[in-house]
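Worksheet: the structure to be examined is printed underneath.
Computed over heavy atoms, backbone and side chain alike; hydrogens, waters and symmetry mates excluded.
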Amino acid sequence: MVHVYNCHPFASQQIVQAEQEPGLVCCGGGVLFVESAGGCKIEAFQLEAEGCPLICRYATMGTVQSILHSEIGDYLVTIEEKNNVTYLRTYTNWRYQVAEKTRVGVRLLGHFLRGSSMRGAPKEQMEIIEIPLFERPLCVACCGVTGDLLVGCPKSLVLFSLKRQALNDKLSILDFERCLILHLPGLSPQQVAICAGYIALQAELEVLVVKLERLPGSAPTQMSADKKSQDHCLVPKDMITGAEHNNEIEVRKEGLAGHLDQDDFFIFPKHQELLGDRAKDCGVKVSLEWTGMESEARGILAITYILYRRFAPDFFQGCTVEDTRLHSLQFHPVFTSNQEVCAEGGRGVEPTCVFCFFSLPNTGYMYSVRGGVEMVSVYQYPEKAQQAVLTDLFLHIITKNALQCFSVRCSAVAARAEDPYIDTTMKACPPITMEVCALRIQLFIGLKALCHDRHHIVLLTAADVETREDTERAARRNLFDKRDCHLALPYYKMSGLSVTEVISRNRCLSSSPCGYGKGFLFFLKHSLYEETMEELTEETANEVLDIFGVAEPSQLPHVIASPSMVRASPDSGLAHLERLESIGAPSVPLTLSKAALALRMGDLQLYRQHMDRHTEMLQVYGFIEEHKLLLHGRGHTVVPTPLAHHLRDSQEGLLVAAMVALHENNKVKLDEADLFFQKLCGNLSGPQGGPQLLVDFWEALLMASSQEAVIQELLFRLTSVYIDRVTRRDSQGMKPLKTADDLINSCSHYGVPYPWVSILTPDHFSIIQDHQEDLQKLQSLLCGPTLDVSSILPLLEQLPDGDNAGLSVHLLCATKLDRHESSIERLLDRCPQAIIPYANHELQNNKMTLWWQKLFPELCERTRAAGGENTILLSALKETLVVVAMELNPLEFLDLLPDDGTAHFFLPHLLECSQRNLMT
């Protein structure tokens with residue numbers, strides 16, 4: 001089972017501007033190489049830099065048929081054709097071509113290794129190395145560990161080792177030595193791969209993986225071949241004769257292609273998978289011919305068969321040869337330690353794991369081949385894949401019109417190879433058999449090639465144009481006006497043209513019978529709605545209005561609201577909208593757009609006429625449909641529109657309601673709305689803690705929002721503002737849209753102030769009127785059910801408790817934190833008339849014992865200290881005795897009485913307690 005997740009594995013997209021139409025591409029070392037100009041020029045681009053700038057370009061000696069880059073040695077290898085002859089060439093020191101006129105040296109393979117020396121001073125120049133071969137090169141591969149070069153020929157594989165010769169401290173020369181030939185009787189490779197001694201070859205229906213190993217001892221061995229093949233597996237003297245090769249080829253062809261028996265039946269080989277030691281029974285006899293320098297060790301190379309896989313089409317199931325055509329053979333090494341490139345041109349460490357990947361059109365296979373071979377993952381594609389590439393993080397495949405990404409298990413295999421006991425109570429690693437996941441399918445048009453380097457995926461696309469006449473080139477850009485018009489978008493972006501230039505190129509289509517293509521219109525709408533378009537001139541903006549007025553008039557209200565159209569003529573826009581309204585029912589966004597244009601024209605009477613056509617509630621819905629009527633930009637670039645500025649001064653309630661609706665409908669984020677109001681009110685003098693209109697927005701959003709995270713954020717912001725205003729008592733504020741009573745009646749997060757709070761700060765409390773509202777709102781939040789008091793404790797440090805306003809806030813917070821005893825003491829010290837309302841409200845249920853454990857002793861002591869003259873304390877003590885007599889039995893009541901000779905004061909309450917006890 002494959003789980004599909006719609007995750008986007010790419011952080012950004014860049015378009016590489018090639019000088020001419022690209023043909024072949026490859027990448028490596030942070031560089032993209034593009035073959036162009038009919039296959040005779042190569043351009044190099046810097047992948048890591050913004051915009052992928054050009055590094056250099058240079059001509060090749062023939063028409064490039066294959067191109068590959070090796071990061072080790074930083075060289076480029078090509079298969080080229082000229083005058084019907086195929087050549088294999090490498091381009092080294094190609095970075096010297098930045099100047100484009102730097103001289104180029106051409107030489108044969110091994111020029112420096114054979115003892116020749118450079119005449120004259122060392123030259124900083126690009127070197128083209130000709131590599132002669134006995135057979136025509138079919139395919140090439142470079143080792144990602146050593147930089148060695150493997151060439152696939154019709155009957156053999158030729159291995160060239162990379163050599164580096166330092167000429168001075170700054171200049172070194174690369175060269176290659178042909179060191180080994182692997183003879184392959186009856187097997188013609190279509191793709192090859194090499195990595196850390198592992199060699200893989202792919203034929204039409206077969207994959208073979210072997211490993212070259214140096215064994216101790218002097219006797220040449222071949223671990224998977226019989227004695228006959230061992231007799232001629234090494235030096236040129238022991239080369240297998242051509243006749244022997246031909247015989248084995250014929251036998252293999254007969255075995256693979258099937259045969260015709262007496263009843264005219266064709267017999268085809270079946271699917272076969274041979275792993276490890278069993279792979280030597282595959283029937284492919286690989287023999288070695290050592291061609292290296294005589295001074296190097298000989299006779300200790302051996303071949304170990306690792307993997308053999310054969311596929312055969314099942315014609316009875318409707319399969320064809322195309323359904324089993326292999327592609328995308330590659331090795332992928334994974335390192336778990338330092339993998340920096342050494343000065344000698346290779347990596348300093350061996351890879352921890354080596355993976356071999358190859359693919360059928362509908363299925364991909366990944367094997368781990370180092371330290372034992374095993375299949376890791378099988379990938380089932382939803383449609384036929386043209387090419388695949390394996391990376392550390394993902395498997396990427398391309399189909400005709402889509403890029404698809406799958407998860408891989410390379411890291412899990414490497415982690416377990418590094419630490420077999422990784423699964424502990426402290427850490428764990430996913431099992432390598434865990435199911436793979438399809439992460440995303442991204443649509444493109446005409447995908448042709450795919451390559452990978454580090455964290456970059458490079459795609460080559462080319463649309464298939466069906467028209468034959470060159471005079472219809474303009475129409476070719478709109479081939480996607482029939483179906484899937486959105487697929488034209490990346491190609492308009494890849495063109496590197498501005499929107500104005502694209503409009504100019506499509507201008508000729510306005511008079512054609514088919515009109516503008518859907519692909520062009522989709523691009524235009526996307527650029528307008530996503531605000532990726534530059535600000536258009538008045539002429540171009542008016543032309544855009546004309547385009548949509550003819551092609552899609554229903555989109556005009558949204559087009560006019562785009563920030564790119566601010567220079568469009570309001571008269572022209574209003575005329576288009578009047579025409580649209582005359583052919584259909586008026587919509588609210590259309591009316592709001594006409595009002596915005598009337599405002600730009602300075603016609604306030606016409607503006608009011610349009611605004612009065614709909615209620616404010618309907619206008620809020622209209623702003624939801626087109627929020628760019630109020631604000632442009634995103635993130636830190638949010639800017640209020642002229643309509644928003646006018647609503648600030650005339651209908652601030654509508655503006656706040658509209659912004660709340662936009663937030664709740666995911667049109668703007670909270671931080672964007674904050675910035676919007678700050679910029680909108682930046683030129684107005686407002687109270688401390690932010691513009692009043694912003695505070696009004698927070699209060700309105702608190703009433704509407706159901707998101708817990710947003711609610712807590714708003715509670716903290718509002719509490720901070722209220723505390724700041726009460727502390728500063730600055731009266732330069734605007735009148736709020738909602739009073740404290742309004743919020744208490746309409747918002748569940750605001751509670752009715754407790755009775756004892758009203759005694760501390762009555763309505764006629766001596767505080768500036770503007771901030772009487774702020775105090776009441778703060779008290780209401782603290783009396784409500786939602787605010788977490790512990791989150792605002794740092795804010796209380798700026799609020800003194802010297803007056804009753806500050807005292808009420810501090811007592812509310814202390815009570816919410818269950819600090820009732822200290823609150824009782826502070827109330828008795830500062831406002832004893834509020835103690836009984838406080839006790840009646842707060843000392844209930846599990847806090848009831850505080851009546852006689854804390855309040856009663858405190859009142860007795862303070863009344864005695866006042867000599868019984870404090871009527872407020874006496875009244876509070878009597879009311880406390882009533883509660884105590886109701887809750888305790890007579891003996892408990894007697895234990896509470898003081899022994900100072902004032903028992904007569906308590907006798908009536910003791911009598912009441914006894915009578916109640918007798919009755920119960």
ask   = Could you walk me through whether F358 and Q191 pass the side-chain contact (heavy atoms from CB on, under 4.5 Å) check?
value = CA-CA 10 Å; F358 50 88; Q191 282 188 306; over 6 Å; no

query = Under 3.5 Å, is there a donor-acceptor pair linking the side chains of Q272 and Y308?
reply = no

task = Decide side-chain contact (heavy atoms from CB on, under 4.5 Å) for D392 and V334; before the verdict, give the C-alpha distance in whole Å, the side-chain angles of both, and the deciding distance to 0.1 Å.
result = CA-CA 7 Å; D392 287 338; V334 174; 3.9 Å; yes

request  = Determine the minimum heavy-atom distance between A141 and L68, stating which atoms define it.
outcome  = CA-CD2, 3.6 Å

key: Distance in Å, F406 CZ paired with L390 CG, rounded so as to fall on 0.5 Å steps   = 12.5 Å

ask   = Under the 3.5 angstrom rule, does the side chain of Q46 hit a backbone N or O of G30 as a donor-acceptor pair?
value = yes

Beyond-backbone contact of V158 with F160, side-chain heavy atoms, under 4.5 angstrom = yes

message = If you apply the rule side-chain contact (heavy atoms from CB on, under 4.5 Å), what do you find for L288 with L182, and how did you get there?
response = CA-CA 5 Å; L288 302 181; L182 290 83; 3.6 Å; yes

message = Surrounding CG of D419 (heavy atoms of other residues, nucleotides or ligands, distance under 6.0 Å), is the total greater than 12?
response = yes

note = Taken to the nearest 0.5 Å, the spacing of L395 CG from C437 SG works out to 12.5 Å

query = Under the side-chain contact (heavy atoms from CB on, under 4.5 Å) criterion, do I131 and L149 qualify, and how do the steps go?
reply = CA-CA 11 Å; I131 301 180; L149 175 64; 3.8 Å; yes

inquiry  = Quick check: do V389 and I457 have side-chain heavy atoms less than 4.5 Å from each other?
reply    = yes

ask   = Counting distance only, does the side-chain N/O of S70 pair as donor-acceptor with the main-chain N or O of D74 below 3.5 Å?
value = no

query = If you measure only the distance, is there a donor-acceptor pair under 3.5 Å linking the side chains of E135 and S156?
reply = yes

ask   = Which atom pair, heavy atoms only, marks the closest approach of N401 to G446?
value = OD1-N, 3.2 Å

task = Looking only at non-hydrogen atoms, find the nearest pair between H332 and T391 and report the distance.
result = NE2-C, 3.6 Å

query = Do Y379 and I397 touch side chain to side chain, with heavy atoms closer than 4.5 Å?
reply = no

message = Return the OG1 to CG distance between T399 and N362, rounded to the nearest 0.5 Å.
response = 11.0 Å

query = Is there a donor-acceptor pair closer than 3.5 Å between any side-chain N or O of T78 and the backbone N or O of V64?
reply = no

remark   = Correct closest heavy-atom pair for A417 and T352 would be CB-CG2, 3.9 Å

key: Distance, nearest 0.5 Å, that separates CG of L201 from CG of L329   = 8.0 Å

query = Should Y91 and F33 be marked as a ring-ring contact (aromatic ring centres under 6.0 Å, His included) after you check the CA-CA gap, both sets of side-chain angles, and the distance that decides it?
reply = CA-CA 12 Å; Y91 294 78; F33 298 91; 10.0 Å; no

key: Side chain proximity check, M375 to R309, heavy atoms < 4.5 angstrom   = yes

note = In terms of heavy-atom contacts, D453 and C27 come closest through CB-SG, 3.6 Å

query = Looking at side-chain heavy atoms only, is the closest gap between H183 and K155 below 4.5 Å?
reply = no

ask   = Less than 4.5 Å apart, any side-chain heavy atom of V31 and any of H69?
value = no

message = With no hydrogens and no angle check, just 3.5 Å: does a side-chain donor-acceptor pair link E273 and Y365?
response = no

key: Reported CZ-to-SG distance for the pair R409 and C353, which is rounded to 0.5 angstrom   = 14.5 Å

ask   = Hey, does L360 have a side-chain heavy atom less than 4.5 Å from the side chain of L326?
value = yes

ask   = With E374, which of V413, L307, I432, V369 fulfils side chain to side chain contact (heavy atoms under 4.5 Å, CB included)?
value = I432

key: Residues, nucleotides or ligands: over 12 heavy atoms within 6.0 Å of E530 CD   = yes

key: Value rounded to 0.5 Å, distance of CD in Q386 from CG in L450   = 10.5 Å

task = Identify the heavy atoms of S161 and D148 that sit nearest to each other, and give their distance.
result = CA-OD1, 3.3 Å

inquiry  = Salt bridge or not between R136 and E81? Use side-chain N to carboxylate O under 4.0 Å.
reply    = no

query = Are the side chains of Y367 and V209 in touch, meaning some heavy atoms are under 4.5 Å apart?
reply = no

